[in-house]
There are 2 protein chains.
Amino acid sequence: MSSPSDIPMAQRKRQLVANELTEAALQLLAQRGFDAVTVDEIAAVAGVSKRTFFRYFASKEDVVVRFLADMGNGMRAELAARPAAEPPSVALRHTVAVPLAACGDHAERALPVVRLIMRTPALRARFLERQAQWRDDLSVELAARLGLEARDGAEAAAPAGLYPGLAAGMALVAFDAVLQQWSDGDGTADPAGLTDSAFAVLAASLDAVPERVVVPGAADQGRAANRTA
Amino acid sequence: MSSPSDIPMAQRKRQLVANELTEAALQLLAQRGFDAVTVDEIAAVAGVSKRTFFRYFASKEDVVVRFLADMGNGMRAELAARPAAEPPSVALRHTVAVPLAACGDHAERALPVVRLIMRTPALRARFLERQAQWRDDLSVELAARLGLEARDGAEAAAPAGLYPGLAAGMALVAFDAVLQQWSDGDGTADPAGLTDSAFAVLAASLDAVPERVVVPGAADQGRAANRTA
DNA sequence: GCCAAGTGTGTCACTCGGTGTCAATGTGTG
DNA sequence: CACACATTGACACCGAGTGACACACTTGGC
């Protein structure tokens, strides 16, 4: 970037190639299956070389998973933006509900991709790995939100240190369960409704925040759990 | 196997090669990292050819993940063996506690492997994929245990249909969190204690079984949740 | 002892995912 | 026009994984 004016130009060209590549990839992969399509084919359809494909995507899985990757970024931002007064169950429910709702709204495009991911082992594995990353992100966001500052150096193994990770994990279990139900069906199921149902099950544990935490919205912050210091 | 008498013979030879292979693999991989070791090297150390390696393991990841794979089988069996009177939180806690305790007992061998898996993206991904499989297994086992028979044909998206998957998922979130904490530390942490702490957080939701389920052991199964049918 | 049949293994050749390198091209700046 | 910089294609290369074939080795029957 030698000058400010070529940023928009080169940037747009880059974006255009990326779109072309994802378009070709999703088309071919959804149609013929993940293993039956080579990277060379995808690149050829997009009009570029194999080498260029790998300059845009880290792996063959990446093209597909990236398509849903924005979800993760959106989630962390969404959680950070939720009012501090909300109990964890509500804040986390909205956090996962946003990308899920996006899926439901663009079912025509999202459903085939989600289905492809869910039933292709290699893609499912990469997707779960990404979810684990989201879990860590949500975990620190949640800890900060609740005033449970994780001391970076000494990571205490106390229950209070376990809660954020567990809560974030639970939220993502719900996320995954909804996605699975939705992709198993014919797309007519409502992700929002499924999300509400799932969080109705999880809410009890989500709002039982350990330690000295104040959760204004919750009627009673039972400091129940705290054994095995 | 042309005769019954060669089953023990050939079988033992097979087992011996498999052991040799895993031994060599774990040794090399834990020492030099996953990407820095080729399958040819592993096979050479074990005294066989690359081709033979792939006759025993489906992939390079498989050698490592298989080492912890028995966990999954053990879990389903353990859950099935728990007394029916136990509330889900207790039954599931024991279910995941068994393999976790096994890790703690054989820390010398298990810790390096767990560490390798947890911090190698490719291995972590495959491990999570396997956990997803366990989740499905535990889910059906749990449904059977609670009398929530999943009609195979028509998979209803009702809350009652969501619960088993969520509960199993929560148990595995705890499992994963404990494993992560344990592998991050120096191995002196007690998996059993961590497991108890984790389930103390999750218990409230785990025992809130929706619908007409009877959980004898639980003093109070708040059937709070059940909105948005 | 010899000869099937079956199984495990090594070798070779090959495909495909993924990476490093370099030369060519294009684009914006002085 | 000359210069720097970014992007690309072409090529070579490595490693994972697979298919095919030939060569052992074991086992059982004659």
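Because only heavy atoms are used, hydrogens play no part in the values below, and waters and symmetry mates are left out as well, while side chains stay in. Since the model is a prediction, treat every value here as computed from it, not as a measurement. Within every chain, numbering begins at 1; the chains are lettered A, B, ... in the order of the sequence lines, protein sequences first and strands thereafter.
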Kindly point out which of [options] is positioned nearest to the side chain of [X]?
X     : options                : answer
A:F54 : C:dG10, D:dT8, C:dT19  : C:dT19
A:K60 : D:dA16, C:dG17, C:dT19 : C:dG17
B:K50 : C:dT9, D:dT18, D:dG9   : D:dT18
A:S59 : D:dG19, C:dG18, C:dG10 : C:dG18
B:R51 : C:dG17, D:dA10, D:dT18 : D:dT18
B:T52 : C:dT9, C:dT11, C:dT21  : C:dT9
B:E61 : C:dC16, C:dT11, D:dG17 : D:dG17

B:M75/B:L79 under side chain to side chain contact (heavy atoms under 4.5 Å, CB included): CA gap, chis, key distance, verdict: CA-CA 6 Å; B:M75 283 169 83; B:L79 179 57; over 6 Å; no
Give the rounded distance in Å between these two atoms: [atom1] of [X] and [atom2] of [N].
X     : N      : atom1 : atom2 : value
B:R12 : D:dC25 : CZ    : P     : 19 Å
B:F57 : D:dA16 : CZ    : C1'   : 16 Å
B:F34 : D:dG15 : CZ    : P     : 14 Å
A:Q15 : D:dA6  : CD    : P     : 19 Å
B:D62 : D:dG17 : CG    : P     : 9 Å

NZ or CZ of A:R14 within 45° of A:Y56 ring axis and under 6.0 Å: yes
Donor-acceptor pair under 3.5 Å, B:R55 side chain vs D:dG17 base: no
SB check A:K13 A:E20 (cutoff 4.0 Å):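 So A:K13 does not pair with A:E20 through a salt bridge.
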Inter-residue atom distance A:M71.CE - A:T95.OG1, 0.5 Å rounding: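 It is 13.5 Å, given to the nearest 0.5 Å.
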Short side-chain N/O contact from A:Y56 to OP1 or OP2 of D:dT8, under 4.0 Å: yes
